[in-house]
Asks: 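Sharing a structure with you now.
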4 protein chains.
Amino acid sequence: MKAEKAAPRRAGAQEKHDRILKAAVKIFARHGFHNSKISQIAKEAGVADGTIYLYFKNKDDVLISLFEEKLTEAIDRLKELLDGIDAPEQRFRAFIRNYVLYMDENKELAEVISVELRQSNKFMKEYVPIKFGEFLNLVSNLIRDCKDQGVFRTSVPPGIIKRSIFGALDEMVLYMVLDPHPKYDAEEIADALAEFFLEGLKKHPSSGQ
Amino acid sequence: MKAEKAAPRRAGAQEKHDRILKAAVKIFARHGFHNSKISQIAKEAGVADGTIYLYFKNKDDVLISLFEEKLTEAIDRLKELLDGIDAPEQRFRAFIRNYVLYMDENKELAEVISVELRQSNKFMKEYVPIKFGEFLNLVSNLIRDCKDQGVFRTSVPPGIIKRSIFGALDEMVLYMVLDPHPKYDAEEIADALAEFFLEGLKKHPSSGQ
Amino acid sequence: MKAEKAAPRRAGAQEKHDRILKAAVKIFARHGFHNSKISQIAKEAGVADGTIYLYFKNKDDVLISLFEEKLTEAIDRLKELLDGIDAPEQRFRAFIRNYVLYMDENKELAEVISVELRQSNKFMKEYVPIKFGEFLNLVSNLIRDCKDQGVFRTSVPPGIIKRSIFGALDEMVLYMVLDPHPKYDAEEIADALAEFFLEGLKKHPSSGQ
Amino acid sequence: MKAEKAAPRRAGAQEKHDRILKAAVKIFARHGFHNSKISQIAKEAGVADGTIYLYFKNKDDVLISLFEEKLTEAIDRLKELLDGIDAPEQRFRAFIRNYVLYMDENKELAEVISVELRQSNKFMKEYVPIKFGEFLNLVSNLIRDCKDQGVFRTSVPPGIIKRSIFGALDEMVLYMVLDPHPKYDAEEIADALAEFFLEGLKKHPSSGQ
DNA sequence: TATGAATGAGTGTTCATTCAT
DNA sequence: TATGAATGAACACTCATTCAT
């Protein structure tokens, strides 16, 4: 929930807020945050420049809000989806699959997240890291469940696994959405990644120790 | 080899060029590319603002050159190192290990690469993607060798593996260099990652097919 | 009487007009005209921003109206007061005294007049100079009466006297209302100023000529 | 002496600094501080907009520096002049006379000081009040000397006198420089004011008490 | 080569004003 | 009348880049 900024009370307020954020995703994806102009976003959203400042504190806040709201949305969707699945391995697979498919359906958002998240994570102190941490915890929990149930016997520390998986997912998704002639489609990528991670995390009896 | 720009003639020229790039790494790591000022780099390098333009076409070119030269250096170091190792699996392990240790020893460079590479990859059309591709190919080759020798029997496509590994490495390294109180040291991280990847790529007899 | 603007029709209209002006005095005193926002005045007055434009043409007009009405009020009060006094010297003293006391009782108004009047006098072509001239004429008349009755024998031209007196009063009042730990109170200041001016304007037999 | 802002070291630096300040006086006099644009000043000074920021921290600093330097100059000139005069009354007269003539010769500066000083005094915390206080002290000292030597026997407190005199001078000067068809010239005004003040401050034996 | 003063295009942000409700 | 969301013109300030020395 955004604070500080008196949200306009009109009926269409949320709609306009969303329109601006949607425009921002498109513009940021196209030019990158730093090369995007507020006036471009305003134009794309069909509002005046000044209107953006009725809904967001400043340009940074547009990006932060974008991260916050879109990550929340994505996380919620993933959580809800996982709720319907019991078997840990299936949950893990479903997570990977749905993350990849979600990003494939929201290519511009995927671009923005991949390209700008690190910048933001480093230079914007507040919201982004929190939301991002929440996302990483989702991964942690999945891994812990898999371990608890004996699916994963890996000795790799969870803190390393969760980040590695995020890094791999993120990079892969970026490649997927940017490549104009992709060799693999989202489904293939999702399956391959799931396969890769699962193999890496299962402790195979034959591989001894 | 850079073009357009008058090649440095004096012996001290290369030294000044390097000093500027070294300063740039430090400044970019601290503030990010877009928030870094040419004047800050000049000051850090102990030269006048204008002098930077004797060695680099413009601000973008400083970052591009940085990527180009530092990636080249890193790649060459890794290549040379791998040359001394025969067994594919050992080469793979050595690669992971050395990448992580190298970045740990060059924390500022690691930050810049992690935080700025994607932006640059996307928005700077020229050198960066080429150099980055070269790096990825290094990974590809390692994987191909492992496959050729039967170490990896994975069915995951190499194009997906190489990017996943880069993504995981990159994210992990970023975490490593940024966390003020890291839970794991570089050695642990390297070992864990190698373990994770190798397990994921070996085709385990027991895991059937 | 203001023109152009629809005359307030409802009984409550005048009241709202006054509330806005009262709010404006407070806000202008606190931040200065140029640093005051219409929205601040609206908030202070408890009305919507747009409402101000139902009562005033624009921001300038708020200040102009403020000067016009408050100066009129002050002048009328002073005139009325002077009407009850016959002796020119007493009228002069009463004028000084009451101007100072009035401003002391209306500190915020005094600040606005002192700080903004000159700007307005110079850059706002219409009402302000007229009203201000009227105020100065009040002084002129007092002086003329004193001269006519032989109280003042000064050879200093009236045009110079009236402005000097206004300047001195204005500066003194500003000092009085702004100083958080004033050395003199309003009464003392009034008496001192009256003394100073009267001495300066009486032609003292002993001082020759 | 200005600090913080690295003054350009070039030979012509002081000259450019002065040119900008001179331009600022002209522009501020014409439009008032708040309605003056940096670009107007730059144009008038024959420099680029950005150049102004090499010599001044920001727009406020231009005004502050203007006050500081011009007041210093004026005060120094007045001090030097007074040094050559012994008799307190003559010193007082000389002060009035020279202040008025100086302002008459620097009409635009006079306008800026009269119109903007109060704003600045109130809203700019640092330099202006200090310099202004120094100016007031000059007046105080003159009065004290006159009292010490028995020229003034007034009972009006010095703190009130100095501000009244400044207020009267300032207002009178403003009138003088603004009136397109002035009834009095600078000499007359100076003489009249001196006369007025002196009469007001001398304690006339015949006026008893 | 090296300097750093000068440039001026470019933009985030503010806020007086409007107008649909 | 009253509202306050929306507008968009306006502007201070920054900083990459140039160029005279």
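None of these values were measured; they are calculated from a predicted model. Values reported hereafter were calculated over all heavy atoms of this structure, with side chains retained and with hydrogens, waters and symmetry mates removed. Proteins get letters first, then strands, A, B, ... in listed order; numbering begins at 1 in each.
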Asks: From CG of Asn35(B) over to C1' of dT14(F), roughly how many Å is that when rounded to an integer?
Replies: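 Result: 12 Å.
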Asks: Can you measure Asp49(D) atom CG to dA6(E) atom C1' for me and round it to whole angstrom units?
Replies: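 Interatomic distance, CG of Asp49(D) to C1' of dA6(E): 12 Å.
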Asks: Closer to the 5' end of DNA chain E via nearest nucleotide, is it Lys59(C) or Ile52(D)?
Replies: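 Mapping each residue to its closest nucleotide by heavy atoms, the 5'-most match is Ile52(D).
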Asks: What nucleotide among dT17(E), dT1(E), dT1(F) has an atom nearest to a side-chain atom of Leu54(B)?
Replies: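 Ranking dT17(E), dT1(E), dT1(F) by closest atom to the Leu54(B) side chain puts dT1(E) first.
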Asks: Would you say NZ of Lys22(C) has more than 12 non-hydrogen atoms from neighbouring residues, nucleotides or ligands within 6.0 angstrom?
Replies: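 Open: at most 12 neighbouring heavy atoms sit under 6.0 Å from NZ of Lys22(C).
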Asks: Quick one: Tyr53(C) OH to dA6(F) C1', roughly how many Å, whole number?
Replies: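 Nearest whole value for this atom pair: 14 Å.
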Asks: Is any side-chain heavy atom of Leu109(A) closer than 4.5 Å to a side-chain heavy atom of Leu66(A)?
Replies: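 Yes - at least one pair of side-chain heavy atoms lies under 4.5 Å apart.
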Asks: With each end axis built from five pairs of C1' atoms, what bend angle do you get for the helix from dA2(E)-dT21(F) to dT21(E)-dA2(F)? Round to 10°.
Replies: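 Axis-to-axis angle, ends of the helix: 0°.
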Asks: Is any side-chain N of the basic residue among Glu111(C) and Lys107(C) closer than 4.0 Å to the acidic one's carboxylate O?
Replies: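 No salt bridge links Glu111(C) with Lys107(C).
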Asks: Could you give the CZ-to-C1' distance, from Phe33(D) to dC11(F), as a whole number of Å?
Replies: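 From Phe33(D) CZ to dC11(F) C1': 13 Å.
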Asks: What's the CD1-C1' distance between Ile20(D) and dA12(F), to the nearest Å?
Replies: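 Rounded to the whole Å, the gap is 15 Å.
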Asks: Expressed in angstrom and rounded to an integer, what is the separation of Phe56(D) atom CZ from dT14(F) atom P?
Replies: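 It is 15 Å, rounded to the nearest whole Å.
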Asks: Closest nucleotide of DNA chain F for His34(B) versus for Lys16(A): which of these residues is on the 5' side?
Replies: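 Per heavy-atom nearest nucleotide, the more 5' residue is Lys16(A).
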Asks: Would you mind telling me which residue lines up with the more 5' stretch of DNA chain F, Gly50(D) or Asp60(B), judged by nearest nucleotide?
Replies: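 On the 5' side of the pair lies Gly50(D).
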Asks: Which of these nucleotides, dT14(F), dT17(E), dA5(E), is closest to any side-chain atom of Tyr55(D)?
Replies: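 Looking only at heavy atoms from C-beta outward on Tyr55(D), the closest nucleotide is dA5(E).
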Asks: Quick one, Tyr55(A) and Leu21(A) - any side-chain contact, counting heavy atoms below 4.5 Å?
Replies: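 No, their side chains stay 4.5 Å or more apart.
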Asks: Counting side-chain heavy atoms from CB outward, which of dA6(E), dT3(F), dA2(E) is closest to Val47(C)?
Replies: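 That would be dT3(F).
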Asks: With Phe33(D), which of Phe67(D), Phe28(D), Phe123(D) fulfils ring pair (Phe, Tyr, Trp, His ring centres under 6.0 Å)?
Replies: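 Single pass found, and it is Phe28(D).
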Asks: Taking CD1 from Ile27(C) and P from dC15(E), how many angstroms apart are they, rounded to a whole number?
Replies: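 Nearest whole value for this atom pair: 13 Å.
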Asks: Assign each of Ala48(D) and Lys37(A) to its nearest nucleotide of DNA chain E by heavy atoms, then name whichever residue's nucleotide is nearer the 5' end.
Replies: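 The residue closer to the strand's 5' end, by nearest nucleotide, is Ala48(D).
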Asks: So His34(A) and His34(B), would you call those rings parallel, tilted or perpendicular, with 30° and 60° as cut-offs?
Replies: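 It falls in the parallel class, under 30°.
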Asks: Between Leu63(D) (CG) and dA12(F) (P), how many Å, whole number?
Replies: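 Atom-to-atom, Leu63(D) to dA12(F), this comes out as 13 Å.
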Asks: Tell me whether the count of non-hydrogen atoms from other residues, nucleotides or ligands lying under 6.0 Å of NZ in Lys26(B) goes above 12.
Replies: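 Atom NZ in Lys26(B) is not packed in, count stays at 12 or less.
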